[in-house]
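Here the structure comes first, spelled out in structure tokens, and everything after it is commentary.
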Amino acid sequence: TGVASGSRFTYSEVGYFRFEPEAVYDDGFTGIDIAAGDCSDGFSNTLDDNGKYSCKFGNSEYTEWFGRFVPDHFVLNSSSLTSACDLGFSYMDQPFSLAYQIEAQNAGNTKTKNYQGDFAKATVDLVAENNDDGVNRASRLLIPKPEWSHGVLDFNAPAIRFVRATTPDGPFDALKLGVKLKDNDGDITTLQSLDMNATTSGDCVTAGDCDAKVLIGGLETKVRFGRMTVGRVHQFMENQSLTLPLTTEYYDGVTFSKNSMDSCTTLDDASKVRMDNNQQVNQLDGSINIGSGSTSVSGFGAFSAGELRLSLSAPGLGNSGFTDLTPQLDSMPWLRYDWDGNGAHDNDPNGRASWGMYRGNKNVIYMRERWN
């Protein structure tokens, strides 16, 4: 009928446990007898062959289960973000990489390795806010759902995307990402050092309403609605080459402007540009007939400050005509646009290079109109 009590019992893992028979015992009560050799090791209440009782007494059966135990807290161990472009921006719908690691810990700040499977009930969601405007844009982030393993949620996504809206919007040039954790187990275990609330503006730490932890040390990234355009250039002389500009643009909140941060978009070779005219179509070898001559395109590579200038050779004297150029953006759909106005941003851009077609009378060297 006695009761044993103590204040130094600890359990450092999640889950539950029970004691096997004789797992908890007392041998201090017989300490004098042990020292004198007046009792034998064990738990028997029956005299042995030497006429001695055992020195220990403890639980004789399996105990009931203790628990279930849950983590004391969660911590964000690390996080990183790599934008699609080295200058710190990504186009909407363009893959960029994000990684973070959250750890479940006990009160001693040690990882609880059993936090996985049925024991791991916590879920983590991303939040996204631009320039502390109080609008959570997490619904536009396409991300995989990670799972807990041995007390760690290790999220490593090399290709997440910020989805483009039907109508151009942004730019989001001060976008912060954060993680919001819900333990789904009584709401008693939280992520430590919360410092973000994507649905409010202002300092949530001071206001006391933070519900998320900002990633990458609070650094911001840029996300922009992009498109590519192709110029229309006319060369009056058929024996002169011309330069056709390709430009990457972004929606600046009012109109589309050249994205001077873009020095990473690349058109590798002639197969990435389709050439068509009234003589040939679907030319993907970088050359097309014009009159009895032809033109070839060169200058492929990386854009510089949002522009790539392609060179087209002269078709030759007397060979007036044109070619339409259409970059093939299958591998870069984030630079397509709704050029046909049907509500879907799925059209490749198109431009034209032409020679001699609007030259007029060849005997005229110079002409101008005079207005009084």
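Note: hydrogens, waters and symmetry copies are ignored here, and every other heavy atom, side chains too, is used.
- Side-chain N or O atoms of Asn59 include one that pairs as donor or acceptor with a backbone N or O of Glu22 at under 3.5 Å.
- Applying the ring-ring contact (aromatic ring centres under 6.0 Å, His included) test to His345 and every residue at least two apart in sequence or in another chain returns Phe225, Tyr337.
- Counting all heavy atoms, side chain and backbone alike, Thr243 lies closest to Pro245 at O-CD, 3.8 Å.
- For the residue pair Asp252 and Ser257, the shortest heavy atom distance occurs at OD2-OG, 2.8 Å.
- Taking both residues in full, the closest heavy atoms of Gly217 and Ser79 are given as N-OG, 4.5 Å, listed atom of the first, atom of the second, then distance.
- Using a 4.5 Å cut-off between side-chain heavy atoms of Ile, Leu, Val, Met, Phe, Trp and Tyr, with links allowed through other members, Val75 and Val205 fall into different hydrophobic clusters.
- One side chain, Asn350 or Thr326, offers a donor N or O that lies under 3.5 Å from an acceptor on the other.
- The main-chain N or O of Gln240 is found under 3.5 Å from a side-chain atom of Trp355 such that the two form a donor-acceptor pair.
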Residues His150, Asn114; criterion side chain to side chain donor-acceptor pair (under 3.5 Å); working and verdict: CA-CA 6 Å; His150 301 291; Asn114 287 349; over 6 Å; no

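- With rounding to the nearest 0.5 angstrom, the CG atom of Leu98 is 5.5 Å from the CG atom of Leu81.
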CA sep, side-chain torsions, deciding dist, call: Asp195, Lys213, salt bridge (charged side-chain N to carboxylate O under 4.0 Å, His left out): CA-CA 5 Å; Asp195 55 7; Lys213 175 67 178 172; 3.3 Å; yes

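- Going from atom CZ of Arg161 over to atom CH2 of Trp334 covers 9.5 Å, rounded to the nearest 0.5 Å.
- The local environment of CG in Asp86 is sparse, with at most 12 non-hydrogen atoms from other residues, nucleotides or ligands closer than 6.0 Å.
- Annotation: Phe29, atom CZ; neighbour count of heavy atoms from other residues, nucleotides and ligands within 6.0 Å does not exceed 12.
- Between the side chains of Ser271 and Asp269, a donor-acceptor pair is found at a separation under 3.5 Å.
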Residue pair Asp262, Tyr91: steps toward the side chain to side chain donor-acceptor pair (under 3.5 Å) verdict: CA-CA 10 Å; Asp262 190 348; Tyr91 289 111; 2.7 Å; yes

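- Qualifying side-chain contact (heavy atoms from CB on, under 4.5 Å) partners for Ala270, counting only residues two or more places apart in sequence or in other chains: Phe300.
- Note on residues 309-320: pairs passing side chain to side chain donor-acceptor pair (under 3.5 Å), not counting sequence neighbours, are Ser292-Asn319, Glu307-Arg309.
- A single hydrophobic cluster is seen to contain both Val297 and Leu242, as judged by linkage of ILVMFWY side chains at heavy-atom distances under 4.5 Å, directly or through other members.
- Side-chain polar atoms of Asn77 and Tyr100 form no donor-acceptor pair below 3.5 angstrom.
- Tyr25 has its ring centre less than 6.0 Å from the ring centre of Phe43.
- Shown are Asp27, Asp41, Asp26; of these, the side chain to side chain donor-acceptor pair (under 3.5 Å) with Lys56 is made only by Asp41.
- Put simply, the side chain of Asp183 gets close to the backbone of Ile188: a donor and an acceptor are under 3.5 Å apart.
- Put simply, CH2 on Trp148 and CD on Gln116 are 11.5 Å apart, with the number rounded to the nearest 0.5 Å.
- Checked by atom type and distance alone, the side chain of Asn136 never pairs as donor or acceptor with a backbone atom of Ala198 at under 3.5 Å.
- In this structure, a donor-acceptor pair under 3.5 Å is absent between the side chains of Asn289 and Gln279.
- A cation-pi arrangement, defined by a distance under 6.0 Å to the six-membered ring centre and an angle within 45 degrees of its axis, is absent between Arg140 and Phe162.
- Thr112 and Pro71 get closest at one heavy-atom pair: OG1-CG, 4.2 Å.
- With rounding to the nearest 0.5 Å, the separation of CG in Leu325 from CD in Gln283 is 11.5 Å.
- Tracing side-chain contacts under 4.5 Å through hydrophobic residues (I, L, V, M, F, W, Y), one reaches Met261 starting from Met332; they form part of the same cluster.
- Annotation for Glu147: atom CD does not count as buried by contact number, only 12 or fewer foreign heavy atoms lying within 6.0 Å.
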Pair Ser287-Asp285, side chain to side chain donor-acceptor pair (under 3.5 Å): steps then yes or no: CA-CA 6 Å; Ser287 179; Asp285 59 359; 5.2 Å; no

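- In this structure, Arg352 forms a cation-pi arrangement with Phe322, its terminal cationic atom sitting closer than 6.0 Å to the ring centre and no more than 45° off the ring axis.
- Side-chain contact of Thr206 with Asp203: a donor-acceptor pair under 3.5 Å is present, judged by distance alone.
- Side chain to side chain, Asn277 and Thr323 fail the donor-acceptor criterion of an N or O pair below 3.5 Å.
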Salt bridge (charged side-chain N to carboxylate O under 4.0 Å, His left out) between Arg227 and Glu249, worked out: CA-CA 5 Å; Arg227 72 180 187 184; Glu249 300 180 336; 2.8 Å; yes

Intermediate values then yes/no, salt bridge (charged side-chain N to carboxylate O under 4.0 Å, His left out), Lys145 and Asp125: CA-CA 9 Å; Lys145 286 293 184 182; Asp125 294 309; 2.6 Å; yes

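- Annotation for Asp118: atom CG does not count as buried by contact number, only 12 or fewer foreign heavy atoms lying within 6.0 Å.
- A donor-acceptor contact closer than 3.5 angstrom links the side chains of Asn184 and Thr123.
- Side-chain atoms of Asp268 and Thr266 include no donor-acceptor pair closer than 3.5 Å.
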Check against salt bridge (charged side-chain N to carboxylate O under 4.0 Å, His left out), Lys180 and Asp211: CA-CA 6 Å; Lys180 185 176 181 179; Asp211 61 2; 3.2 Å; yes

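- What you find for Asn50 and Asp48 is that their closest heavy atoms are N-OD1, 2.9 Å.
- Separating the CZ atom in Phe89 from the OG atom in Ser83 is a distance of 9.0 Å, to the nearest 0.5 Å.
- Residues Ile160 and Pro144 meet the side-chain proximity criterion, which asks for heavy atoms closer than 4.5 Å.
- No option in Asp346, Asp348, Asp93 other than Asp348 meets the salt bridge (charged side-chain N to carboxylate O under 4.0 Å, His left out) test with Arg336.
- Residue Leu153 is grouped with residue Leu126 when hydrophobic side chains (ILVMFWY) are merged at heavy-atom distances under 4.5 angstrom, including chains of intermediate members.
- Annotation: Phe74 is in aromatic contact with Tyr115 [ring centroid separation under 6.0 Å].
- Cluster annotation: Val127 is not connected to Val223 through the hydrophobic network of ILVMFWY side chains, with a link wherever side-chain heavy atoms come within less than 4.5 Å.
- Atom CG of Asn282 has more than 12 neighbouring heavy atoms from other residues, nucleotides or ligands inside a 6.0 Å radius.
- Phe19 and Phe66 have their aromatic ring centers within a separation under 6.0 angstrom.
- Atom OH of Tyr16 has 12 or fewer heavy atoms from other residues, nucleotides or ligands within 6.0 Å.
- Within the model, atoms CZ of Arg224 and CE of Met92 stand 10.5 Å from one another, a figure rounded to the nearest 0.5 Å.
- The shortest heavy-atom contact between Leu308 and Phe303 is N-CD2, 3.5 Å.
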